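This structure is a prediction, so every number in the text was calculated from the model and none was measured. Counting starts at 1 for both ligands and their atoms, in listed order.
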Amino acid sequence: MNTTTTTPPLQMVDLRTQYHRFKAEIDQQILDCIESTAYINGPAVKTLQAGLEAYLGVKHVIPCANGTDALQIAMMALDLKPGDEVIVPAFTYVATAEVIGLLGLHPVMVDVLPDTFNIDVAQIEAAITPRTKAIVPVHLFGQCADMEALLALAERHGLYVIEDNAQAIGADYTFSDGRVAKSGTMGHFGCTSFFPSKNLGCYGDGGALFTNDDALAAKARLIANHGQSRQYYHDAIGINSRLDSLQAVVLNVKLPHLDAFNATRRAAADFYDRAFAAHPHLITPARAHNSTHVFHQYTLRLSNGRRDALKATLAEQGIPAMIYYPVPLYKQLAYQPYWKGGELPVTEMLCQEVFSLPMHSELNESTLERITTAVLVAE
Ligand SMILES: *Cc1c(COP(=O)(O)O)cnc(C)c1O
(Lines give C-alpha, C1' and ligand atoms only; values in the text may rest on other atoms or scores of the structure.)
Protein backbone atom coordinates (compact mmCIF):
# COMPACT_ATOMS: atom_id res chain seq x y z
CA MET A 1 0.00 0.00 0.00
CA ASN A 2 1.29 3.43 -0.86
CA THR A 3 0.45 5.45 2.23
CA THR A 4 1.34 8.76 0.60
CA THR A 5 -1.71 8.56 -1.65
CA THR A 6 -4.16 7.44 1.05
CA THR A 7 -3.20 9.57 4.06
CA PRO A 8 -2.48 13.27 4.20
CA PRO A 9 0.95 14.45 5.33
CA LEU A 10 1.27 15.21 9.05
CA GLN A 11 2.78 18.32 10.60
CA MET A 12 5.24 18.72 13.46
CA VAL A 13 2.77 21.15 15.06
CA ASP A 14 -0.94 21.39 14.24
CA LEU A 15 -1.89 25.00 14.98
CA ARG A 16 -5.03 24.99 12.84
CA THR A 17 -6.92 22.26 14.70
CA GLN A 18 -6.16 23.97 18.01
CA TYR A 19 -7.38 27.32 16.63
CA HIS A 20 -10.63 25.75 15.45
CA ARG A 21 -11.31 24.51 19.00
CA PHE A 22 -11.20 28.12 20.30
CA LYS A 23 -12.17 29.96 17.11
CA ALA A 24 -15.42 31.58 18.28
CA GLU A 25 -13.83 33.01 21.41
CA ILE A 26 -10.59 34.10 19.76
CA ASP A 27 -12.29 35.69 16.73
CA GLN A 28 -14.72 37.67 18.89
CA GLN A 29 -12.01 38.95 21.22
CA ILE A 30 -9.73 39.90 18.34
CA LEU A 31 -12.56 41.91 16.75
CA ASP A 32 -13.29 43.58 20.10
CA CYS A 33 -9.62 44.47 20.48
CA ILE A 34 -9.47 46.01 17.00
CA GLU A 35 -12.62 48.01 17.75
CA SER A 36 -11.12 49.23 21.05
CA THR A 37 -8.00 50.62 19.25
CA ALA A 38 -5.91 49.81 22.36
CA TYR A 39 -3.34 48.07 20.22
CA ILE A 40 -0.25 48.56 22.40
CA ASN A 41 -0.24 47.82 26.13
CA GLY A 42 -4.02 47.62 26.17
CA PRO A 43 -6.12 45.94 28.84
CA ALA A 44 -5.49 42.51 27.29
CA VAL A 45 -1.75 42.88 28.03
CA LYS A 46 -2.48 43.76 31.68
CA THR A 47 -4.83 40.76 31.90
CA LEU A 48 -2.14 38.46 30.53
CA GLN A 49 0.43 39.85 32.95
CA ALA A 50 -1.83 39.23 35.94
CA GLY A 51 -2.93 35.83 34.63
CA LEU A 52 0.64 34.64 34.18
CA GLU A 53 1.73 36.01 37.57
CA ALA A 54 -1.05 33.98 39.21
CA TYR A 55 -0.41 30.85 37.13
CA LEU A 56 3.35 30.90 37.69
CA GLY A 57 3.28 32.09 41.29
CA VAL A 58 5.80 34.80 40.43
CA LYS A 59 5.75 38.42 41.57
CA HIS A 60 6.38 40.12 38.22
CA VAL A 61 5.71 39.26 34.59
CA ILE A 62 7.00 41.74 32.02
CA PRO A 63 5.56 41.07 28.56
CA CYS A 64 7.78 41.93 25.58
CA ALA A 65 8.02 41.42 21.83
CA ASN A 66 9.64 37.95 21.70
CA GLY A 67 11.71 35.45 23.65
CA THR A 68 15.02 36.64 22.23
CA ASP A 69 14.27 40.20 23.41
CA ALA A 70 13.35 38.81 26.84
CA LEU A 71 16.85 37.33 27.16
CA GLN A 72 18.41 40.59 25.97
CA ILE A 73 16.34 42.71 28.36
CA ALA A 74 17.31 40.41 31.25
CA MET A 75 21.01 40.80 30.50
CA MET A 76 20.68 44.58 30.12
CA ALA A 77 18.70 44.83 33.39
CA LEU A 78 21.44 42.88 35.17
CA ASP A 79 23.95 45.44 33.88
CA LEU A 80 26.16 42.89 32.15
CA LYS A 81 29.04 44.71 30.45
CA PRO A 82 31.09 44.00 27.29
CA GLY A 83 33.69 41.34 28.04
CA ASP A 84 31.61 39.70 30.78
CA GLU A 85 31.31 35.95 30.36
CA VAL A 86 27.97 34.13 30.36
CA ILE A 87 27.80 30.35 30.62
CA VAL A 88 25.38 28.56 28.26
CA PRO A 89 24.81 24.96 27.16
CA ALA A 90 26.42 24.11 23.80
CA PHE A 91 23.32 22.20 22.75
CA THR A 92 20.51 24.77 22.45
CA TYR A 93 18.66 27.04 20.09
CA VAL A 94 20.89 29.88 18.88
CA ALA A 95 18.87 32.70 20.50
CA THR A 96 20.31 31.81 23.90
CA ALA A 97 23.82 32.76 22.83
CA GLU A 98 22.89 35.34 20.19
CA VAL A 99 21.93 38.10 22.60
CA ILE A 100 25.10 37.44 24.58
CA GLY A 101 27.18 38.15 21.49
CA LEU A 102 24.97 41.08 20.50
CA LEU A 103 25.63 42.82 23.83
CA GLY A 104 29.40 42.31 23.49
CA LEU A 105 29.38 39.64 26.17
CA HIS A 106 31.20 36.36 25.76
CA PRO A 107 29.24 33.08 25.60
CA VAL A 108 31.09 30.22 27.31
CA MET A 109 29.72 26.87 26.18
CA VAL A 110 29.38 23.86 28.45
CA ASP A 111 28.43 20.29 27.55
CA VAL A 112 25.04 18.78 28.32
CA LEU A 113 23.79 15.49 29.79
CA PRO A 114 23.10 12.58 27.38
CA ASP A 115 19.79 11.62 29.03
CA THR A 116 17.98 14.93 29.73
CA PHE A 117 19.89 17.03 27.13
CA ASN A 118 20.17 19.82 29.74
CA ILE A 119 23.36 21.58 30.87
CA ASP A 120 25.72 19.36 32.87
CA VAL A 121 25.94 21.33 36.11
CA ALA A 122 28.98 19.30 37.22
CA GLN A 123 30.94 20.84 34.32
CA ILE A 124 29.99 24.46 34.98
CA GLU A 125 32.51 25.13 37.75
CA ALA A 126 35.49 24.45 35.47
CA ALA A 127 34.14 27.08 33.04
CA ILE A 128 33.94 29.85 35.65
CA THR A 129 36.58 32.60 35.47
CA PRO A 130 36.92 35.98 37.23
CA ARG A 131 34.97 37.50 34.29
CA THR A 132 31.98 35.13 34.60
CA LYS A 133 28.82 37.03 35.53
CA ALA A 134 25.87 34.78 34.72
CA ILE A 135 24.63 31.31 33.82
CA VAL A 136 21.79 30.75 31.35
CA PRO A 137 20.31 27.26 31.86
CA VAL A 138 17.96 26.28 29.03
CA HIS A 139 15.06 24.04 30.04
CA LEU A 140 15.45 22.18 26.78
CA PHE A 141 12.52 20.42 25.08
CA GLY A 142 10.28 20.99 28.13
CA GLN A 143 11.93 19.90 31.37
CA CYS A 144 13.98 21.86 33.87
CA ALA A 145 17.73 21.72 34.14
CA ASP A 146 19.08 20.62 37.54
CA MET A 147 18.20 23.96 39.13
CA GLU A 148 18.88 23.08 42.76
CA ALA A 149 22.55 22.29 42.06
CA LEU A 150 22.84 25.14 39.57
CA LEU A 151 21.37 27.78 41.91
CA ALA A 152 23.68 26.63 44.75
CA LEU A 153 26.71 26.86 42.45
CA ALA A 154 25.65 30.30 41.19
CA GLU A 155 25.18 31.57 44.73
CA ARG A 156 28.62 30.26 45.79
CA HIS A 157 30.25 32.16 42.92
CA GLY A 158 28.02 35.26 43.04
CA LEU A 159 26.59 34.67 39.56
CA TYR A 160 23.24 35.68 38.10
CA VAL A 161 20.92 32.98 36.77
CA ILE A 162 18.72 33.68 33.74
CA GLU A 163 16.45 30.76 32.88
CA ASP A 164 15.74 30.31 29.17
CA ASN A 165 12.24 28.97 29.64
CA ALA A 166 11.09 29.32 26.02
CA GLN A 167 10.42 25.56 25.77
CA ALA A 168 9.20 24.66 29.24
CA ILE A 169 6.35 26.93 30.32
CA GLY A 170 4.15 25.06 32.79
CA ALA A 171 6.80 22.59 33.99
CA ASP A 172 7.13 22.11 37.76
CA TYR A 173 10.47 21.76 39.51
CA THR A 174 10.61 20.10 42.94
CA PHE A 175 13.45 20.99 45.32
CA SER A 176 14.80 18.39 47.75
CA ASP A 177 12.94 20.09 50.64
CA GLY A 178 9.67 19.48 48.78
CA ARG A 179 9.18 23.07 47.58
CA VAL A 180 7.72 23.21 44.07
CA ALA A 181 8.39 26.08 41.65
CA LYS A 182 7.25 26.71 38.09
CA SER A 183 10.02 26.68 35.49
CA GLY A 184 11.29 30.19 34.84
CA THR A 185 10.59 31.48 38.36
CA MET A 186 13.72 30.21 40.13
CA GLY A 187 16.50 32.42 38.76
CA HIS A 188 17.01 36.19 38.87
CA PHE A 189 15.04 36.23 35.62
CA GLY A 190 13.11 33.68 33.61
CA CYS A 191 12.53 34.37 29.92
CA THR A 192 9.90 32.86 27.70
CA SER A 193 8.65 32.98 24.12
CA PHE A 194 5.10 32.95 22.80
CA PHE A 195 6.21 32.03 19.26
CA PRO A 196 3.23 30.21 17.65
CA SER A 197 4.69 26.70 17.99
CA LYS A 198 5.69 27.04 21.68
CA ASN A 199 3.53 25.32 24.32
CA LEU A 200 1.77 28.65 24.96
CA GLY A 201 1.90 30.36 21.57
CA CYS A 202 0.27 33.44 20.08
CA TYR A 203 -0.37 34.26 16.40
CA GLY A 204 2.85 36.12 15.77
CA ASP A 205 5.84 36.99 17.97
CA GLY A 206 5.62 37.50 21.71
CA GLY A 207 7.62 36.95 24.88
CA ALA A 208 7.91 37.75 28.55
CA LEU A 209 10.29 37.98 31.50
CA PHE A 210 9.51 36.67 34.98
CA THR A 211 11.17 37.80 38.21
CA ASN A 212 10.48 37.94 41.95
CA ASP A 213 12.80 40.95 42.38
CA ASP A 214 11.00 44.33 42.48
CA ALA A 215 14.03 46.38 41.42
CA LEU A 216 14.93 44.06 38.55
CA ALA A 217 11.31 44.08 37.37
CA ALA A 218 11.24 47.88 37.32
CA LYS A 219 14.51 47.97 35.41
CA ALA A 220 13.34 45.40 32.85
CA ARG A 221 10.09 47.32 32.31
CA LEU A 222 12.05 50.51 31.76
CA ILE A 223 14.46 48.89 29.28
CA ALA A 224 11.66 47.20 27.31
CA ASN A 225 10.07 50.60 26.74
CA HIS A 226 12.86 52.91 25.49
CA GLY A 227 14.32 53.35 28.98
CA GLN A 228 11.30 55.50 29.75
CA SER A 229 10.39 56.12 33.42
CA ARG A 230 7.42 58.33 32.55
CA GLN A 231 6.30 59.55 29.18
CA TYR A 232 9.18 61.34 27.38
CA TYR A 233 11.62 60.94 30.31
CA HIS A 234 14.35 58.44 29.45
CA ASP A 235 16.55 57.20 32.30
CA ALA A 236 18.43 54.46 30.45
CA ILE A 237 19.20 53.29 26.94
CA GLY A 238 16.46 50.80 26.27
CA ILE A 239 14.87 49.03 23.36
CA ASN A 240 11.37 48.97 21.85
CA SER A 241 9.99 45.59 22.84
CA ARG A 242 6.28 45.44 23.62
CA LEU A 243 3.67 42.72 23.29
CA ASP A 244 0.83 43.60 20.91
CA SER A 245 -2.61 43.62 22.52
CA LEU A 246 -3.86 41.32 19.73
CA GLN A 247 -1.29 38.71 20.73
CA ALA A 248 -2.23 39.08 24.40
CA VAL A 249 -5.87 38.44 23.43
CA VAL A 250 -4.91 35.08 21.93
CA LEU A 251 -2.75 34.18 24.93
CA ASN A 252 -5.54 35.10 27.36
CA VAL A 253 -7.86 32.61 25.66
CA LYS A 254 -5.20 29.89 25.68
CA LEU A 255 -3.60 30.32 29.14
CA PRO A 256 -6.45 28.60 31.06
CA HIS A 257 -5.91 25.56 28.79
CA LEU A 258 -2.11 25.41 29.09
CA ASP A 259 -2.10 22.60 31.65
CA ALA A 260 -4.49 20.58 29.46
CA PHE A 261 -2.31 21.21 26.38
CA ASN A 262 0.71 20.01 28.34
CA ALA A 263 -1.16 16.95 29.62
CA THR A 264 -2.02 15.96 26.02
CA ARG A 265 1.63 16.38 25.07
CA ARG A 266 2.68 14.21 28.02
CA ALA A 267 0.19 11.50 27.06
CA ALA A 268 1.53 11.55 23.49
CA ALA A 269 5.06 11.20 24.89
CA ASP A 270 3.91 8.22 26.98
CA PHE A 271 2.50 6.63 23.81
CA TYR A 272 5.80 7.16 21.96
CA ASP A 273 7.76 5.84 24.97
CA ARG A 274 5.72 2.64 25.10
CA ALA A 275 5.98 2.06 21.34
CA PHE A 276 9.75 2.43 21.28
CA ALA A 277 10.64 0.94 24.69
CA ALA A 278 11.83 -2.44 23.42
CA HIS A 279 13.72 -1.15 20.38
CA PRO A 280 17.46 -1.86 20.58
CA HIS A 281 18.60 1.42 18.98
CA LEU A 282 15.87 3.95 19.80
CA ILE A 283 16.59 5.76 23.05
CA THR A 284 13.50 7.51 24.37
CA PRO A 285 13.89 10.80 26.28
CA ALA A 286 14.66 10.51 30.00
CA ARG A 287 12.40 12.25 32.51
CA ALA A 288 14.31 14.20 35.14
CA HIS A 289 13.47 13.03 38.68
CA ASN A 290 12.92 16.59 39.93
CA SER A 291 11.04 18.18 37.02
CA THR A 292 7.82 17.46 35.21
CA HIS A 293 8.17 17.42 31.42
CA VAL A 294 5.90 19.51 29.17
CA PHE A 295 7.34 18.04 25.95
CA HIS A 296 7.83 21.10 23.80
CA GLN A 297 9.57 18.48 21.67
CA TYR A 298 9.56 14.70 21.82
CA THR A 299 13.22 14.14 21.04
CA LEU A 300 14.79 10.71 20.97
CA ARG A 301 18.06 9.24 19.80
CA LEU A 302 18.76 6.64 17.14
CA SER A 303 22.08 5.09 18.10
CA ASN A 304 22.79 2.97 14.98
CA GLY A 305 23.94 5.82 12.72
CA ARG A 306 20.80 5.68 10.55
CA ARG A 307 19.10 8.83 11.86
CA ASP A 308 19.20 10.76 8.57
CA ALA A 309 18.05 7.70 6.60
CA LEU A 310 15.10 7.23 8.95
CA LYS A 311 14.13 10.90 8.58
CA ALA A 312 14.15 10.52 4.78
CA THR A 313 12.08 7.31 4.89
CA LEU A 314 9.49 8.96 7.15
CA ALA A 315 9.33 12.01 4.89
CA GLU A 316 8.37 9.76 1.95
CA GLN A 317 5.34 8.68 3.97
CA GLY A 318 4.29 12.21 4.88
CA ILE A 319 5.63 11.96 8.42
CA PRO A 320 7.89 14.85 9.40
CA ALA A 321 10.83 14.53 11.75
CA MET A 322 13.09 17.43 12.67
CA ILE A 323 16.67 17.58 13.90
CA TYR A 324 16.85 19.88 16.92
CA TYR A 325 19.76 20.65 16.73
CA PRO A 326 22.10 19.46 13.97
CA VAL A 327 25.17 21.60 14.77
CA PRO A 328 26.86 22.33 18.13
CA LEU A 329 26.76 26.03 18.93
CA TYR A 330 30.57 26.27 18.84
CA LYS A 331 30.63 24.92 15.26
CA GLN A 332 28.24 27.58 13.98
CA LEU A 333 30.22 30.07 11.90
CA ALA A 334 29.12 33.02 14.02
CA TYR A 335 30.13 31.39 17.30
CA GLN A 336 33.48 29.87 16.38
CA PRO A 337 35.32 33.03 17.54
CA TYR A 338 34.07 32.35 21.07
CA TRP A 339 35.32 28.76 21.12
CA LYS A 340 38.66 27.61 22.43
CA GLY A 341 38.77 24.57 20.10
CA GLY A 342 38.11 20.87 20.55
CA GLU A 343 34.73 19.23 20.88
CA LEU A 344 32.19 18.57 23.61
CA PRO A 345 31.49 14.83 23.35
CA VAL A 346 27.85 14.68 24.46
CA THR A 347 26.83 17.66 22.32
CA GLU A 348 28.62 16.08 19.31
CA MET A 349 26.87 12.75 19.87
CA LEU A 350 23.44 14.35 20.26
CA CYS A 351 23.80 16.40 17.08
CA GLN A 352 24.40 13.09 15.23
CA GLU A 353 21.70 10.99 16.93
CA VAL A 354 18.70 13.11 17.94
CA PHE A 355 15.47 13.56 16.04
CA SER A 356 12.08 14.92 17.06
CA LEU A 357 8.68 13.54 16.13
CA PRO A 358 5.39 15.48 15.78
CA MET A 359 4.36 16.92 19.15
CA HIS A 360 1.44 19.25 19.84
CA SER A 361 -1.79 19.60 21.77
CA GLU A 362 -3.99 17.94 19.12
CA LEU A 363 -2.33 14.52 18.73
CA ASN A 364 -4.67 11.52 18.90
CA GLU A 365 -4.01 7.80 19.15
CA SER A 366 -4.60 7.03 15.46
CA THR A 367 -2.06 9.65 14.41
CA LEU A 368 0.41 8.43 17.02
CA GLU A 369 -0.15 4.86 15.85
CA ARG A 370 0.60 5.88 12.26
CA ILE A 371 3.81 7.65 13.31
CA THR A 372 5.15 4.93 15.61
CA THR A 373 4.32 2.15 13.13
CA ALA A 374 6.18 3.98 10.37
CA VAL A 375 9.22 4.47 12.61
CA LEU A 376 9.25 0.81 13.71
CA VAL A 377 8.78 -0.51 10.16
CA ALA A 378 11.61 1.71 8.88
CA GLU A 379 13.96 0.66 11.67
C1 LIG B 1 12.13 29.89 20.79
C2 LIG B 1 13.32 30.01 21.65
C3 LIG B 1 13.93 31.25 21.94
C4 LIG B 1 13.56 32.52 21.26
O5 LIG B 1 12.25 32.90 21.26
P6 LIG B 1 11.68 33.88 20.10
O7 LIG B 1 10.35 34.29 20.64
O8 LIG B 1 11.61 33.08 18.86
O9 LIG B 1 12.61 35.04 19.99
C10 LIG B 1 14.98 31.27 22.84
N11 LIG B 1 15.45 30.15 23.39
C12 LIG B 1 14.93 28.94 23.12
C13 LIG B 1 15.50 27.73 23.78
C14 LIG B 1 13.86 28.82 22.23
O15 LIG B 1 13.37 27.61 21.95
Side-chain angles (χ1 to χ4, degrees), residues 12-13 15 48 52 61-76 86-103 105 107 109-110 112 116-119 134-145 147 161-171 183-184 187 189-210 220 224 239-244 246-248 250-251 254 262 265 285 291 293-299 322-329 332 334-335 347 350-351 354 356 359-360:
M12 287 298 289
V13 181
L15 296 174
L48 176 69
L52 276 172
V61 167
I62 301 110
C64 66
N66 57 70
T68 309
D69 277 6
L71 289 161
Q72 182 178 340
I73 293 162
M75 289 177 206
M76 290 173 75
V86 180
I87 291 172
V88 297
F91 186 67
T92 181
Y93 181 57
V94 69
T96 314
E98 188 169 33
V99 294
I100 297 171
L102 194 67
L103 292 173
L105 316 172
M109 298 162 229
V110 167
V112 296
T116 63
F117 313 141
N118 276 324
I119 192 163
I135 309 172
V136 185
V138 180
H139 303 316
L140 201 70
F141 303 146
Q143 67 184 338
C144 295
M147 289 303 289
V161 174
I162 302 166
E163 299 174 67
D164 183 340
N165 193 40
Q167 301 190 0
I169 194 159
S183 65
F189 277 113
C191 298
T192 207
S193 165
F194 303 123
F195 186 80
S197 63
K198 305 282 161 132
N199 292 39
L200 179 63
C202 57
Y203 294 165
D205 277 306
L209 298 96
F210 319 142
I239 62 175
N240 174 15
S241 185
R242 296 171 298 219
L243 182 70
D244 293 344
L246 285 169
Q247 302 303 344
V250 175
L251 294 166
K254 286 196 191 185
N262 286 342
R265 289 171 175 271
S291 173
H293 202 319
V294 295
F295 286 98
H296 176 60
Q297 300 295 345
Y298 184 84
T299 302
M322 294 290 285
I323 313 299
Y324 306 119
Y325 298 95
V327 182
L329 202 53
Q332 298 283 2
Y335 296 88
T347 295
L350 293 179
C351 289
V354 291
S356 302
M359 178 50 81
H360 51 82

> Any side-chain to backbone donor/acceptor pair from Asn262 onto Ile169? Under 3.5 Å, distance only.
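The answer is yes, because a donor-acceptor pair under 3.5 Å joins these two groups.
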> For Asn199 and Val294, indicate whether the former's side chain and the latter's backbone hold a donor-acceptor pair under 3.5 Å.
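Checked: pair present.
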> Using a 3.5 Å distance criterion without hydrogens, assess whether the side chain of Asp164 forms a donor-acceptor pair with backbone atoms of Leu71.
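Looks like no, no N/O pair under 3.5 Å.
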> What protein heavy atom sits nearest atom 13 (C) of ligand 1, and how far off is it?
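Protein heavy atom with the smallest distance to atom 13 (C) of ligand 1: Asp164 OD2, 3.4 Å.
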> Indicate, as side chain, backbone, both or neither, the part of His296 found under 4.0 angstrom from ligand 1 when only non-hydrogen atoms are considered.
neither
> Distance under 4.0 Å to a non-hydrogen atom of Gly67: what atoms of ligand 1 satisfy this?
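Counting from 1, the qualifying ligand atoms are 5 (O), 6 (P), 7 (O), 9 (O).
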> Is Tyr325 in polar range of ligand 1, meaning some N or O pair under 3.5 Å apart?
no
> Is a donor on one side and an acceptor on the other found under 3.5 Å between the side chain of Asp244 and the backbone of Gln247?
no
> May I ask you to decide if Asn165's main-chain N or O and Thr192's side chain share a donor-acceptor pair within less than 3.5 Å?
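Yes: the side chain of Thr192 pairs with the backbone of Asn165.
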> At what distance is the nearest protein heavy atom to atom 8 (O) of ligand 1, and which residue and atom is it?
Ser193 OG, 4.0 Å
> Numbering the atoms of ligand 1 from 1, which are under 4.0 Å from a heavy atom of Asn66?
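Per the distance check, 7 (O), 9 (O).
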> Side chain or backbone of Val138 under 4.0 Å from ligand 1, or both, or neither, by non-hydrogen atoms?
side chain
> Please identify which atoms of ligand 1 are closer than 4.0 Å to at least one heavy atom of Ala166.
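Here the atoms of ligand 1 in question are 2 (C), 3 (C), 10 (C), 11 (N), 12 (C), 14 (C), 15 (O).
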> Is it the side chain, the backbone, both or neither of Thr68 that has a heavy atom closer than 4.0 Å to ligand 1?
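Answer for Thr68: both.
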> Between the main-chain N or O of Tyr324 and the side-chain N or O of Ser356, is there a donor-acceptor pair closer than 3.5 Å?
no
> What protein heavy atom sits nearest atom 1 (C) of ligand 1, and how far off is it?
Lys198 NZ, 1.5 Å
> Check for a donor-acceptor pair, side chain of Glu163 on one end and backbone N or O of Phe189 on the other, with a separation under 3.5 Å.
no
